[in-house]
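A short write-up of the structure that comes next.
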There are 2 protein chains.
Amino acid sequence: MGLPVRKNNASIPPTCPLSESMALLRGAWAPNVIWYLSAGPRRFGELRHDIPRISARVLSARLRELESRSLVTRRALDSSPPSAEYALTELGRELLPAIQALANVGEKVMARRAS
Amino acid sequence: MGLPVRKNNASIPPTCPLSESMALLRGAWAPNVIWYLSAGPRRFGELRHDIPRISARVLSARLRELESRSLVTRRALDSSPPSAEYALTELGRELLPAIQALANVGEKVMARRAS
DNA sequence: CTGAATCCAGTCGGATACTG
DNA sequence: CAGTATCCGACTGGATTCAG
């Protein structure tokens, strides 16, 4: 398969496994979204509250992207405050070990800095 | 510690372990650089060759950033083609399990798509 | 509450040319 | 070989506003 030749598209660097998964996690907030969905389905507002300082616009954009990459599913609930519920797909869950590993490193770094 | 209030700085989203490590890996190529350094020290040109389609400018920028974050060390060799050797620090090596996990997912995805 | 639209700034990355 | 300097397009994300 010839590489898709796109100009200025940071999302498709080389064709290697690592870039493959990095492309899935595109956007600074994507990993966080997945992370906060790992415990189970969450609603938009909950996620927004979970993830400190994320703007609605970005959260929405990330969710739509993750949905388009089949990492997340969206289920609209027609309750009477309208709401939507997001959940991880199997593929999304496959990223959890990697994200967990990243979080572990971050924790170490933070702990080290605090001490 | 009050959060540093910066505008439009994608590199410091919230203060959580996950973002901590994502900040270390900032830049689409950073994980690849670390990945290709995992087997041992490499020279600039080698890295450039290892990592398909990375430009010298970006590789240079990534290496300097990774160096400033203490993930990578740079050692100038005054041989007579001048050369430089880059290597992972301990901190850099700590990211390897996470990067490995990401690569594993990418591999799975690629294999699945190929079949 | 959900989430799309607009406006705007900062950053990343590619191409190219050039220095030591 | 190892970088740096420009120029430039693209994308991300923040703030605000608005609609269903």
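Every value quoted in this text rests on a predicted model; they were computed, and no experiment measured them. By convention in this document, chain letters (A, B, ...) are assigned in the order of the sequence lines, proteins followed by strands, and residues within each chain are numbered from 1.
- Computed from C1' positions of five pairs at each end, the angle between the two local axes of the helix from C/dC1-D/dG20 to C/dG20-D/dC1 equals 40°, rounded to 10 degrees.
- Annotation: side chain of B/Asn32 is in contact with side chain of A/Ser19 (closest heavy-atom distance under 4.5 Å).
- In this structure, NE2 of B/His49 is placed 13 Å from P of D/dA2, rounded to the nearest angstrom.
- The closest side-chain heavy-atom distance from B/Val72 to B/Leu88 is below 4.5 Å.
- Shortest non-hydrogen contact noted between A/Met110 and B/Cys16 is SD-C, 3.9 Å.
- For the pair B/Trp29 and C/dG14, the criterion of a side-chain N or O lying under 4.0 Å from OP1 or OP2 is met.
- Here the C1' atom of nucleotide C/dC1 and the CG atom of A/Leu77 are 11 Å apart, to the nearest Å.
- Remark: C1' of C/dA4 and CZ of A/Phe44 are 10 Å apart, rounded to the nearest angstrom.
- Contacts between residues 55-67 of chain A and DNA chain D, defined by a heavy-atom separation below 4.0 Å, involve A/Ser55, A/Arg57, A/Val58, A/Arg62, A/Glu65, listed by number.
- Using a 4.5 Å cut-off on side-chain heavy atoms (C-beta onward), A/Leu91 and B/Arg112 make contact.
- Counting to the nearest Å, the C1' atom of D/dA2 and the OH atom of B/Tyr86 are 7 Å from each other.
- Using a 4.5 Å heavy-atom threshold, the side chains of B/Gln100 and B/Asn104 count as touching.
- Ranking D/dG3, D/dC1, C/dG3 by closeness to the B/Arg43 side chain, first place goes to D/dC1.
- Rounded to whole angstrom, the span from the CZ atom of A/Arg75 across to the P atom of C/dG3 amounts to 13 Å.
- In terms of the salt bridge (Lys or Arg N to Asp or Glu O under 4.0 Å) criterion, residue partners of B/Arg75 (sequence neighbours excluded) are, by chain and number, B/Glu85.
- With C/dC1, C/dC12, D/dC11 as the candidates, the nucleotide lying closest to the side chain of B/Arg26 is C/dC12.
- Of the candidates C/dG14, C/dG20, C/dT2, C/dG20 carries the atom nearest the B/Pro82 side chain, counting heavy atoms from C-beta on.
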*After noting the C-alpha distance and the side-chain angles of B/Arg62 and B/Glu65, does the key distance pass the salt bridge (Lys or Arg N to Asp or Glu O under 4.0 Å) rule?*
CA-CA 5 Å; B/Arg62 264 343 107 221; B/Glu65 277 189 26; 2.6 Å; yes
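- Here the C1' atom of nucleotide C/dG13 and the CZ atom of B/Arg48 are 14 Å apart, to the nearest Å.
- In this entry the distance linking CD of B/Glu85 with P of D/dG3 reads 12 Å, nearest Å.
- Side-chain contact check for A/Leu71 versus A/Val33: every heavy-atom pair is 4.5 Å or farther apart.
- Across all non-hydrogen atoms, the minimal contact from A/Ala28 to A/Pro31 is O-CD, 3.7 Å.
- Distance B/Ile54 CD1 to C/dG14 C1': 11 Å, rounded to the nearest Å.
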